[in-house]
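Input: a single structure, listed below in structure tokens.
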Amino acid sequence: MSAQNRNLHKEIKEKLNNNVMQTALSRFADQYPKARLKAYANVDNIEDLRDSLRDMKRKTVDNIEQIANEFETSIKERGGQLYRAKDGDDLKQHLLQICLENNVHRIVKSKSMATEEIHLNKYLEQHDLHVRETDLGEWMLSVAGQKPSHMVMPAIHLDRNQCAEFFSEALDENIPSDIPFMIQTARRVLREEFLHADMGITGANFGIAENGAIGLVTNEGNARIVTTLPHIHVVIVGYEKLIPKIKDAAKILRLLPRNGTCQRMTSYMTMVDGPTPVIYKKGDQWVEEDRKLYVILLDNGRLKAAHDPKLKEIYQCVRCASCLNVCPIWTLVGGHVYGNIYSGGIGAILTGLLSSLEDFSKFSDLCIGCRKCESICPGKIPIPDLIDELRSRAVQEKGLNLPEKAVFQNVLSNRKVFHTLLRIASVAQKPVQSGKFIRHLPLFFAGMTKGRSLPALAAEPFRDRTSRLFKKNPEKPTMRAAFFSGCNLDFVFPDTSESVVKVLQNLGIEVVFPEGQNCCGKPVLGMGDRDTGCKIAKKNIEVFEAANVDIIISACPTCAETLHKTYVELFQNDSEWLARAQAMAAKVHEFTSFVADKYKKAGRLSPAKGKTTHMITYHDSCHMKRGLGIFTQPRALIKSTAGYEFTEMKNCDKCCGMAGAFGIKYSEISLPLLDEKISNIKDTGADTVAVACPACMMQLRGGLDQQAPNIQVKHIADILAENLPV
Amino acid sequence: MKKVCKDWVTNAFDDNLVNSSYWQEFEENARAASAEIIHAKDLQAAQTAISDLITTLNVNKIIATNDETSPELTALYKNIELMGSEIYTNKFDIAEHAPTADLGISMAEFGIGETGSVCVDNYSYEARVVGMLPPSHIIILNANHTVKNITTAFQIISRVFKRGYMGFITGPSRTADIERVLSLGVHGPSRFFIIAIDEMPTRRVH
């Protein structure tokens, strides 16, 4: 389906209403993390394994031509043939030629996403070739005319009744929905296909340059039969699968099965090196001869990516699909809404590289940047960063679409306009406001508030309160700090900003608020508009340089990450601004980690004693935990506060569904994520949820206001401020 | 029989990497992967175990491979035939009877502690069909030939793997493609036995 004709919201809604799929995906999402860790239980250090895989793959991509040449030589020395296909059409024509030369009629296939990528089966069938997928899931889907929804579990979206329908249709028999019976039926039917096939086509999990061997990892064993019975073996392998040495295969194999299927090893790991013998009946005589081996190296955008300083990181992918297994969005909507053969975060990137930026743009929104995937990826690919990179290239190529463009380029980059609009909005919202929340919105905004109240803009923003607050600055300060509030803490949660100031002042710090500060720029950068992002960054850098402070404090992890990390990355090619961004970055501290450090030095961080009156739990913000690596300090601060008993919730670090503008734009996905979070909060029995991120605070307060108004959401700054010594 | 390496013990193994010390972890992991392990003192005990399996699995037709390192295994196959089983060991006979055989018997080079896998040298066509086509597969393994993990396994493999066909087998053929329910025996065997022999005679091949 072409990207332009799709109605993504409609497709998402269908998936969310598909009970079969929802049951399968939520059960899987729940079981996967534990099962994965169990598979790693007998490994000393997962990080060492991930590092060694990443390093090996990085070295390989930097020498990809040389490695490919060596692989080619090894194949040819052993009597195999090797062809380099520049794209899908090239590959298909070459393969058809091989089929014609060898009088091939029947083909069995195993383990090849690359052939899905180029729609090979359809092409071969158009040329009157009989082609059968032999992986059970892929066979069922091909019968049903469906696409895989997952690279490793292609049919996870189906249940046994649907599978039985496909079986019945394909075999023209009435097949009951009994799983063992279906498995035995598949064995019987596909065995005939194996025994009568002229050609076997496989992909490869790796190709070894040193000896020309290709490796195949399967559980069903279909790849072993495909590479054993037919007289001809065709391997279709992408450049990214090449590795230099035999021993390097171990680096893949210690991670791939564990991350992919939570196994220490799959049932079969098979390496085929050069033509191998086949025994068959020629006339009435049994003969033995070497089978023909054709290896096709597929480019289709891969070599270009290998020379791209950023995107070459996709060569670190081993196609385990674990990035989908932990993705809060994928586990809700499944693989099909991604609209292409590769789904999830890595799928978005592969689509951008192997298909087109246009196809990429359509579903790149579905990455919320929570970095859960990055934390478990065997090759340590920074998937959200690569998506950001592609977004920015898509914007450079096509520009932003109109409504976003107007907001970003004209409003957000001009602080005065933006802030004036926010002030007008705080008055204009009055008709729909009830207390601190907007409970209902008119017309098409209704979806935004269903099951979640949106916060009202504060009547008095933080910036109007500063002169009163700063009168209480210490007389002999130990240091001077500038507070970077970010939009939320300025206009929505100014009370929390007050708390931040009080806690810092209590530490003997003088606090200032540079009035010229603007939005950190993350919403713009997240959409890929780097030019506007740079403009905003420069303005903020100038403003904070002029403030002449020792440190800059942010109580929003997204702002902190943007100021500390993203600004520096933005100016990689501008030495003057790079130096200024670095100087600023060095001063930026996230509030809780800064305070925890100060409290520790002052002996104020030990667990509180005495009677507890509140049960409290903590929600990890994605940017806080995986962006900044801060998760022990907030907990230590809570535990040091008198009156609170701390308890952990299930999936404490899973995204709450806010994720910046995503929570509004895709409220149909955001709300189920919020519901899951709220049910995990309720299960703890806590009456208070602590957060350290204003965006999470907005989402959780909005949800709890409607679903469990007795549970309070507090920023850690508020908890600390309430308990300051008088 | 065609092999990647005619004599793994001489050309690929060394006592530091390959010995009996990883047996326990190997056994635990292999069982966890649904392999059925029978520990046998010697070939005589192995023969008893195999004939018991022939009875319990109701086997009529067997295909079996052997390499030149173990004439004792050839004798074992002969004994099984004498006990009344239909057994094929010639490569062409194996090819002809593979689609209808009930049981395959072949050898593994070593076991891997970390994963419970056995490393198989399957350059020959007959060794591959023996392990894949019948519904049950018996692997004969020298119980003293175990390695620590996948990394050491590849250290050994890299010494001899110049061409051919080899790999690991870890339990029976399985799928979870329907509702993620584990089902055995989808394309390959549903029963996978490892008969591990403590006193396995080995010979150098010249």
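Naming: A, B, ... by sequence-line order, numbering from 1 per chain. All values reported here derive from a predicted model rather than from experimental measurement.
Contact of the A:R254 side chain with the B:N149 side chain is registered, since non-hydrogen atoms from C-beta on lie closer than 4.5 Å. Looking at A:I225 and B:R128, their side chains never come closer than 4.5 Å, going by heavy atoms from C-beta outward. A heavy-atom distance below 4.5 Å is not found between the side chains of B:Y165 and A:P277. Between A:T270 and B:F168, the closest side-chain pair of non-hydrogen atoms is not below 4.5 Å.
The candidate from B:K162, B:E126, B:Q155 with the greatest count of non-hydrogen atom pairs under 4.5 Å with chain A is B:K162. Ranking B:P99, B:S124, B:G185 against chain A, the residue ahead of the rest is B:G185, based on heavy-atom pairs under 4.5 Å. Options B:S173, B:A33, B:S183, B:C119 differ in how many heavy-atom pairs under 4.5 Å they form with chain A, and the most are formed by B:S173. Between chain A and the options B:K91, B:K2, B:E25, the largest number of non-hydrogen pairs under 4.5 Å is found for B:K91. Ranked by heavy-atom pairs under 4.5 Å with chain B, the list A:V152, A:T23, A:V278, A:D248 is led by A:V278. When the candidates A:R224, A:K247, A:M153 are compared by the number of heavy-atom contacts under 4.5 Å with chain B, A:R224 comes out ahead. Counting heavy-atom pairs under 4.5 Å between each of A:I208, A:N211, A:T228 and chain B puts A:T228 at the top. Most heavy-atom pairs under 4.5 Å with chain B: of the set A:L195, A:L158, A:V272, A:T218, this distinction falls to A:V272. Counting heavy-atom pairs closer than 4.5 Å to chain B, the top-ranked of the candidates A:N219, A:I179, A:V43, A:L190 is A:N219. Per-residue heavy-atom pair counts under 4.5 Å with chain B were compared for A:K245, A:K281, A:M265, A:K251, and the maximum is reached by A:M265.
Only the side chain of A:R291 has a heavy atom closer than 4.5 Å to any heavy atom of chain B. Within the 4.5 angstrom heavy-atom criterion, only side-chain atoms of B:V120, from C-beta onward, approach chain A. Heavy-atom distances place the side chain of A:Q184, and not its backbone, under 4.5 Å from chain B. Neither the backbone nor the side chain of A:V20 comes within contact range of chain B; no heavy atom of the residue lies under 4.5 Å from a heavy atom of that chain. Heavy-atom distances place the side chain of A:Q31, and not its backbone, under 4.5 Å from chain B. In this structure, chain B has no heavy atom under 4.5 Å from any part of A:T261. A:P257 does not touch chain B: none of its heavy atoms, backbone or side chain, sits under 4.5 Å away. Both the backbone and the side chain of A:I279 come within contact range of chain B, each with at least one heavy atom under 4.5 Å from a heavy atom of that chain.
Taking CZ of B:F192 as the start and OG of A:S267 as the end, the distance is 9.0 Å to the nearest 0.5 Å. Rounded to the nearest 0.5 Å, atoms CZ (B:R180) and OH (A:Y32) are 11.5 Å apart. Note that CH2 of A:W286 is 11.5 Å distant from CD1 of B:I94, once rounded to the nearest 0.5 Å. Separating the CZ atom in B:R174 from the CD atom in A:Q263 is a distance of 5.5 Å, to the nearest 0.5 Å. Going from atom NE2 of B:H187 over to atom CZ of A:F194 covers 4.5 Å, rounded to the nearest 0.5 Å. Rounded to the nearest 0.5 Å, atoms CZ (B:F161) and CE (A:M271) are 5.0 Å apart.
Shown here is B:E86, whose CD atom has more than 12 heavy atoms of other residues, nucleotides or ligands within 6.0 Å. Dense packing is recorded around NZ of B:K61, with more than 12 heavy atoms of other residues, nucleotides or ligands lying under 6.0 Å away. A:R27 CZ: 12 or fewer foreign heavy atoms inside a 6.0 Å radius.
What you find for B:D177 and A:M140 is that their closest heavy atoms are O-CE, 4.1 Å. Residues A:I246 and B:F154 approach most closely at O-CD2, 3.3 Å, considering heavy atoms. Between A:F167 and B:I178, the closest heavy-atom pair is CE1-CD1, 4.4 Å. Here the closest heavy-atom approach between residue A:Y268 and residue B:P189 is recorded as OH-CD, 3.4 Å. Here the closest heavy-atom approach between residue A:R160 and residue B:V181 is recorded as NH2-CG2, 4.4 Å. A:R264 approaches B:T115 most closely through the heavy-atom pair O-CG2, 3.5 Å.
At distances below 3.5 Å, not a single donor-acceptor pair connects side-chain atoms of B:R163 with backbone N or O atoms of A:A213. Side-chain atoms of A:R191 come within 3.5 Å of backbone N or O of B:L133 as a donor-acceptor pair.
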Check against side chain to side chain donor-acceptor pair (under 3.5 Å), A:E220 and B:T175
CA-CA 6 Å; A:E220 297 182 2; B:T175 186; 2.8 Å; yes
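Between A:R258 and B:E114 there is a salt bridge, since a side-chain N of the basic residue sits under 4.0 Å from a carboxylate O of the acidic one.
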